[in-house]
Amino acid sequence: MNAVRCPGSQSGKTVLSNFLSDTTESIGGDYSPTQGVRILEFECPNVSANGKSVGCEVELWDCSGDQKFETCWPALMKDSNGVVIVFNADLPSHLREIETFYSSFVHQQRLQDSQCLLVAHHKPGSGADKGQPSLSQQLSKLNLIHSDLEDDPEEVRTEFRQYLGAVLSSLSESRDREEMSIIT
């Protein structure tokens, strides 16, 4: 998988990316906006795909939420296997922009909905409501998780591994269909 994207800044993309890749143990800290993109490579063992437990190598692209980097999107989208859209559900501007990112990073790239994960990230100590955010009909069909690294970090890691399993399964099914079309 090689894309993480979110509308707006300060939604928690870098904190979440660091946590999932085991790049850092610290959850808090001063805010420092990502400039462009950071690429994190790591192994993720014990991912369940097609009924088997496998390990996979993940290339996670932590992208800036700043619109000035929009010209980089085509490079970010090229050959992506999955997209994680991280947003702050408490900011109405993020909720409005999710549709644009879904269209650009998932729909136009012909990825399946199972290859997209929405993450409503909650900043430590925010006391945010973890109910269902107001999403469009299209987005409400996507897998949505709440990321609270202060209260339940391992649940976030488990949900991410399940998502990776869905991406691996989609890739396997796509490869099988392609092989069958060559044979017939």
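Legend: residues meeting side-chain hydrogen bond (donor to acceptor under 3.5 Å, both in side chains) with Glu179, ordered by chain and number and at least two apart, are absent.
Between Leu142 and Tyr102, some side-chain heavy-atom pair lies under the 4.5 Å cut-off. Contact check for Gln162 versus Ser48: no side-chain heavy atoms found under the 4.5 Å cut-off. Counting heavy atoms from C-beta outward, Ile85 and Cys116 have side chains that approach closer than 4.5 Å. Proximity of Lys13 to Val119: side-chain heavy atoms (C-beta onward) are nowhere separated by under 4.5 Å.
Note that CG of Asp62 and CD1 of Ile39 are 10.5 Å apart. Values are rounded to the nearest 0.5 Å. Here the CG-CD1 distance, from Leu135 to Ile98, works out to 5.5 Å after rounding to the nearest 0.5 Å. Separating the CD atom in Glu57 from the SG atom in Cys44 is a distance of 11.5 Å, to the nearest 0.5 Å. In this structure, CG on Leu111 lies 10.5 Å from CE on Met77, to the nearest 0.5 angstrom. Leu139 CG to Ser103 OG: the interatomic distance, rounded to the nearest 0.5 Å, is 10.0 Å. Taking CD of Gln115 as the start and CD of Gln109 as the end, the distance is 11.0 Å to the nearest 0.5 Å.
Nearest heavy-atom pair, Asp22 versus Arg157, reported as atom, atom and distance to 0.1 Å: OD1-NH1, 3.2 Å. For the residue pair Phe42 and Ser21, the shortest heavy atom distance occurs at CD2-CB, 3.3 Å. Nearest heavy-atom pair across Leu149 and Val15 is CD1-CG1, 3.7 Å. Shown here for Ser147 and His121, the closest heavy-atom pair between the two residues is OG-ND1, 2.9 Å. Smallest separation of non-hydrogen atoms from Val83 and Phe105: CG2-O, 3.5 Å. What you find for Ser136 and Glu99 is that their closest heavy atoms are OG-OE1, 2.5 Å.
Judged by distance alone, the side chain of Ser169 and the main-chain N or O of Ala49 form no donor-acceptor pair under 3.5 Å.
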Arg38 and Asn18: side chain to side chain contact (heavy atoms under 4.5 Å, CB included), yes or no, with the steps?
CA-CA 10 Å; Arg38 292 181 327 132; Asn18 287 344; 2.7 Å; yes
Given side chain to side chain contact (heavy atoms under 4.5 Å, CB included), test Leu16 with Phe160 step by step and report yes or no.
CA-CA 11 Å; Leu16 186 61; Phe160 181 71; over 6 Å; no
Please walk me through it: do Lys52 and Leu168 pass side chain to side chain contact (heavy atoms under 4.5 Å, CB included)?
CA-CA 11 Å; Lys52 299 177 189 173; Leu168 290 173; over 6 Å; no
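Val58 pairs with exactly one of Leu164, Leu20, Leu40 by the side-chain contact (heavy atoms from CB on, under 4.5 Å) rule, that one being Leu164.
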